[in-house]
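Just below is one structure, and these are the notes that go with it.
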Amino acid sequence: MHKDVRKEILKGLKRIVIKVGSSIITKREKRNNEWANELNANNVRLLARIIRQFVDRNCEVVLVSSGAIMAGRERLDLHRTDLSIPEKQACAAIGQSYLMHTYEKKFKKEGIKVAQILLGHDDLRNRKRFLNAKHTLEALLEHKVIPIINENDSVTIDEIKIGDNDTLSATVACLLNAQLLIILSDVDGLFSRDPSSKMREGDTSMKIIEHVDCITQKIEKLAGGSKSKVTVGGMHTKILAAKQTMSFGIPTLIVNGFDKSIAEKIYKGKSVGTLFWGGREKIKKRKHWIAHTLKPSGAITIDSGAEKAILSRGKSLLPAGVIKVEGKFEFGNAVRILGENGKEIARGLVNYNFRDLDSIMGMRTTAVKKIFKDNFYNEVIHRDDLTLL
Ligand code: GLU
């Protein structure tokens, strides 16, 4: 059954996003009693070969690559673990051009042209910039150029960072309506047990989970935290990335990026890695953008009546249902909507700023109308601007 699912996905494969982590394109060596990572040009070449195989099957490929900070560290011979944020940003600035130079050289050997795109959260949460990025990427693909995307680390500070490239790759897959996100990892997929946990002798219970059709708490637990010294996210952020693409109707496949014949195995429909795929139901693009791309600027707690109206009756959020306002959001910002128990139930774009909402919360619509006259909105968040989580 799982094989059929994989074959079905392959049938429509026209555009894929491949995410490669630093650990795939890095060599780890001990120098002067200190562990040092350096860019592994041979692995970049291997990656070029893998990508060539997708391109040869008429598939457009967008690459999301980490490695800038690691490559910058190598250039500066700076391998201590306690780098400050400006130091990391300096490393990213140095390493990004070195990384791209290596990509340029190695991909050229496979006849592939590359282009660099650096994105930040601001580029994705503003609808206009989001569309600009999309158009540029589409134009590159049309000219048979492989866009290589990384987060714009050298100019974004931690609070406004996307954070990790797993999340970035999921956002890019959704932005471009790709049919598949492939995460090339340094492990074979998601294990049925945390592989770093101690195993008793003779225990054969640990195996790769072939297919996840719904990301449950149990699956999230299996992902654990980040253990690698080189990469940022570990399996946890990969699961979050898969969750994001699945909610947009895009499958995510986590496979071992050191496997030379991975493209072939994928095309043969072999059960490699872990496939995250729940079916074809898509949520509307705009709703996805609200829920996953925008960074919430605040939170609104609502009473149980409003919660019911939103969750079960598909209603908008009205001022009467609001019981608490947190954060300094302005008109049009994304906010989190919390139930009385503090649990997030939805996200939406708000029609009132935090000051106004604070003064009208709990009020009936007629009373609000009297205060705001021409600037009056019936809804705090209209249904169309609301995404249930
Ligand atoms: N953008 C970072 C870099 O290029 C890596 C982030 C990640 O690995 O998720 O070094």
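Just so you know, ligand 1 is whichever comes first in the structure, and atom 1 is the first atom listed for that ligand.
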Could you tell me whether the side chains of D153 and Q89 share a donor-acceptor contact shorter than 3.5 Å?
-> no
Checking heavy atoms under 4.0 Å, the part of N165 that sits near ligand 1 is both
With heavy atoms of D164 as the reference, note each atom of ligand 1 found under 4.0 Å away.
-> 9 (O)
Examine ligand 1 and decide if any of its atoms is less than 4.0 Å from a heavy atom belonging to G67.
-> yes
Can V350 be reached from L318 by stepping across I, L, V, M, F, W or Y side chains whose heavy atoms are under 4.5 Å apart?
-> no
Out of curiosity, Y98 OH to E74 CD, how far, rounded to the nearest 0.5 Å?
-> 4.0 Å
Of K144, Q179, R15, K14, which is the lone residue that meets side chain to side chain donor-acceptor pair (under 3.5 Å) with E60?
-> R15
Do T274 and E210 get their side chains close enough for a donor-acceptor pair, meaning under 3.5 Å?
-> no
Would you kindly specify which portion of N150 sits under 4.0 Å from ligand 1, judged on non-hydrogen atoms: side chain, backbone, both or neither?
-> side chain
Number the atoms of ligand 1 from 1 as they appear, then name those within less than 4.0 Å of a heavy atom of D153, with their elements.
-> 1 (N), 2 (C), 3 (C), 4 (O)
